[in-house]
A.B. asks: 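Quick one: structure below, then a few questions.
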Number of protein chains: 2
Amino acid sequence: MSSSGTTSRGRIDKRQAILEGAFTVFARQGYAQACVQEIANEAGVAKPTVYNHLTDKATLFKHAMEAGARTALDDRLAALEPLANPAEDLRASLEDVAHALLRLHTNERSCALRRLLYSEVTRFPDILDIVVESGPDRLNQALADRLARLTLAGRLRATDPDLAAEQLMALLLGPLEARSQLGTRTLEDTELREVAEAAVRTFLHAWGPDTRERS
Amino acid sequence: MSSSGTTSRGRIDKRQAILEGAFTVFARQGYAQACVQEIANEAGVAKPTVYNHLTDKATLFKHAMEAGARTALDDRLAALEPLANPAEDLRASLEDVAHALLRLHTNERSCALRRLLYSEVTRFPDILDIVVESGPDRLNQALADRLARLTLAGRLRATDPDLAAEQLMALLLGPLEARSQLGTRTLEDTELREVAEAAVRTFLHAWGPDTRERS
DNA sequence: ATTAAGTTGAACCAATGAGTTCAAATGACC
DNA sequence: GGTCATTTGAACTCATTGGTTCAACTTAAT
């Protein structure tokens, strides 16, 4: 690995650059309108090199989407981390995590990824397994785990953590679609905060501990 | 207009057929992959006729989208109607309306429309005004109106009907995205019922009248 | 019957873009 | 310095497709 490690160093770098550039161009133009030459330019590489690493425009697309989705998922999972040991103020912790999720969900790359996913899901059914199943599903599951812990600790009365996670995510992300005009308008940070607060408020109304919550 | 009325009868029919066929083909292939010849075939019409009625592929697309979106919105608004004078059992009424909305939201044409919208919104920013603003926005507003009435009648304690409507819609539609695999899997009617019930339950927890609701 | 509007099919043009070929250049490793 | 894998740029092939043209045809109104 030592010798071939340095030898393939250039290779692996080129491949990374190609996938990176491919995602950028696909995000900007859509699958059909994106041309391979432009991807090569974006990656600072010659056209035959692209075909050397990735046989097809189609497989190029799939790998670029897979890479983009993986990093997006990693970011989201990391944002969930603070819920492992929440502060004394549960509401504040939830709001912070919610806000972080909204920030991630509304950034440029996430919106582009979602757009590409929606538009090409019928022509590339296999990216669905990689991206969706390993995307929202895994995120939901991770969130459900956290909520289950919180329930055991007596800080929530969620009877079904999976359902609770699903609905919390819905309350967070649902309002974004309309407000951000399907991701074309960038939302102010204060507006994200607003949505996060409202979602957590409603969530705690329904799933929170059995106190006399006032509106 | 009486004479030209019958004369243009054929014209208007052709135009309708073209828009209809265009939506079908765009839904199946996406904007870029759809070719005008195929649209003409689908509409049972010659290619120059298409260009005779609609100058461009682009304007053809816009008009097809607009028509598709308009009927989709009309259906949804009609489904909201029963909330005007709800039965004695508010929960049941909400669940029925919710279920109807979910059915409309998951049918073939709606999914295709959403897909096309997401994929082409960057290349056709003007369809956004027609479709989005006159889509979810108007639906939200209509729902908020109903909820406001219910609040005045003392059957809800929604302080902000707009927010309540937004969150109810989020609770309804959010879970669909993951469950239907972005609209590629068709959902059983019982699963839709399940989602509707869960959404209404949580909604009433948070916004319902001030009773001792049990889980 | 005549006219006029609209439709049809087929052929045509021009542009675009995927994928390939190849000789020259690069650069790491011995 | 020599060797080998990889990269590069440019030219090339070939299929697709948007949009046009045109002469023949339908159809309804006068």
Side-chain angles (χ1 to χ4, degrees), chain A residues 1-65 116 119-120 123-124, chain B residues 1-65 116 119-120 123-124:
Chain A
M1 284 304 168
S2 58
S3 65
S4 79
T6 59
T7 315
S8 351
R9 189 77 206 126
R11 287 214 70 193
I12 197 85
D13 280 353
K14 284 272 159 67
R15 188 189 170 93
Q16 272 307 325
I18 291 172
L19 289 179
E20 192 64 32
F23 186 87
T24 306
V25 175
F26 282 134
R28 195 163 56 221
Q29 311 267 52
Y31 175 74
Q33 326 272 5
C35 79
V36 179
Q37 181 60 60
E38 188 177 349
I39 291 177
N41 294 345
E42 180 80 26
V45 129
K47 190 162 69 144
T49 307
V50 175
Y51 285 99
N52 183 20
H53 285 265
L54 299 128
T55 50
D56 250 349
K57 189 185 181 183
T59 62
L60 173 57
F61 180 67
K62 282 186 225 162
H63 283 91
M65 288 292 280
L116 286 172
S119 58
E120 304 303 331
R123 213 174 338 278
F124 298 97
Chain B
M1 287 302 163
S2 59
S3 64
S4 80
T6 60
T7 316
S8 354
R9 187 79 206 122
R11 287 214 71 194
I12 196 87
D13 281 355
K14 284 273 159 67
R15 189 191 169 90
Q16 271 308 324
I18 291 173
L19 288 180
E20 191 66 30
F23 187 87
T24 306
V25 175
F26 281 135
R28 194 163 55 222
Q29 312 265 51
Y31 175 75
Q33 326 273 4
C35 80
V36 179
Q37 181 61 59
E38 187 176 351
I39 291 176
N41 294 346
E42 179 81 23
V45 129
K47 190 162 73 142
T49 308
V50 175
Y51 284 101
N52 183 20
H53 285 265
L54 299 125
T55 49
D56 249 351
K57 188 185 182 184
T59 63
L60 172 58
F61 181 68
K62 282 186 224 162
H63 283 91
M65 288 292 280
L116 286 172
S119 58
E120 303 304 329
R123 213 173 338 278
F124 298 96

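The chains referred to below are lettered A, B, ... by the order of the sequence lines, with proteins before strands, and numbering in each begins at 1.
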A.B. asks: Look at A:N52 and D:dT7 and indicate whether a side-chain polar atom (N or O) is within less than 4.0 Å of OP1 or OP2.
C.D. replies: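 Yes, such a contact exists.
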A.B. asks: Could one point to a donor on the side chain of B:K47 or the base of D:dG19 with an acceptor on the other under 3.5 Å away?
C.D. replies: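 Answer is yes: a donor-acceptor pair is held.
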A.B. asks: Nearest-Å distance, CD (B:Q29) to C1' (D:dT17)?
C.D. replies: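 My rounded result for the distance is 13 Å.
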A.B. asks: Test side chain to side chain contact (heavy atoms under 4.5 Å, CB included) on A:F26 and A:I39 and set out the steps.
C.D. replies: CA-CA 8 Å; A:F26 282 134; A:I39 291 177; 3.8 Å; yes
A.B. asks: Please report the distance, rounded to the nearest Å, between CD in A:Q33 and C1' in C:dA15.
C.D. replies: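 My rounded result for the distance is 14 Å.
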A.B. asks: Nearest of C:dG19, C:dA18, D:dG9 to any side-chain atom of A:C35?
C.D. replies: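 The closest nucleotide is C:dA18.
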A.B. asks: What's the NZ-P distance between B:K14 and D:dA28, to the nearest Å?
C.D. replies: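 Distance check: B:K14 NZ to D:dA28 P gives 11 Å.
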A.B. asks: What does B:A34 touch in the nucleic acid at a heavy-atom separation under 4.0 angstrom: a base, only the sugar-phosphate, or nothing?
C.D. replies: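 Answer is sugar-phosphate: B:A34 comes under 4.0 Å of backbone atoms only.
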A.B. asks: Could you tell me the separation between the CG atom of B:L54 and the P atom of C:dT7, rounded to a whole number of Å?
C.D. replies: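 That distance rounds to 11 Å.
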A.B. asks: Round to the nearest Å and state the distance from A:I18 atom CD1 to D:dT8 atom C1'.
C.D. replies: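 Distance, rounded to whole Å: 13 Å.
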A.B. asks: Rounded to whole angstroms, how far apart are NZ on B:K57 and P on D:dT20?
C.D. replies: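 Interatomic distance, NZ of B:K57 to P of D:dT20: 14 Å.
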A.B. asks: Check step by step if side chain to side chain contact (heavy atoms under 4.5 Å, CB included) holds for B:E42 and B:R28.
C.D. replies: CA-CA 12 Å; B:E42 179 81 23; B:R28 194 163 55 222; 3.4 Å; yes
A.B. asks: By nearest atom, which of the nucleotides D:dT8, C:dG9, D:dG19 is closest to the B:Y51 side chain?
C.D. replies: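 Looking only at side-chain atoms, B:Y51 lies closest to D:dG19.
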A.B. asks: Nearest heavy atom decides the nucleotide; on that basis, is B:Y31 or A:V45 closer to the 5' end of DNA chain D?
C.D. replies: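 Here A:V45 is the residue nearer the 5' end.
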A.B. asks: What's the CG-P distance between A:D13 and D:dT7, to the nearest Å?
C.D. replies: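 Distance, rounded to whole Å: 11 Å.
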A.B. asks: Would one find a side-chain N or O of A:H53 under 4.0 angstrom from OP1 or OP2 of D:dT7?
C.D. replies: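 Checking A:H53 against D:dT7: at least one side-chain N or O falls below 4.0 Å of OP1 or OP2.
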A.B. asks: Would you call B:L54 and B:L19 a side-chain contact if the rule is heavy atoms closer than 4.5 Å?
C.D. replies: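 Answer yes - side chains close enough.
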A.B. asks: Does B:G44 or A:Q37 map to a spot on DNA chain C nearer the 5' end, using the closest nucleotide for each?
C.D. replies: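 First, find each residue's nearest nucleotide; the 5'-ward one identifies B:G44.
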A.B. asks: So, does A:T55 use its side chain to make a donor-acceptor pair with the main chain of A:Y51 at under 3.5 Å?
C.D. replies: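 Answer holds: no.
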A.B. asks: B:F124 versus B:M65: any side-chain heavy-atom pair under 4.5 Å?
C.D. replies: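 When only atoms from C-beta onward are counted, B:M65 and B:F124 do not touch, as no gap falls below 4.5 Å.
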A.B. asks: Counting only side-chain N and O atoms of B:T49, is one of them less than 4.0 Å from OP1 or OP2 of C:dT7?
C.D. replies: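 Negative; the distance criterion is not met.
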A.B. asks: Check the distance between C:dT16's P and A:E38's CD and give it to me in whole angstrom.
C.D. replies: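 Value for this atom pair: 13 Å.
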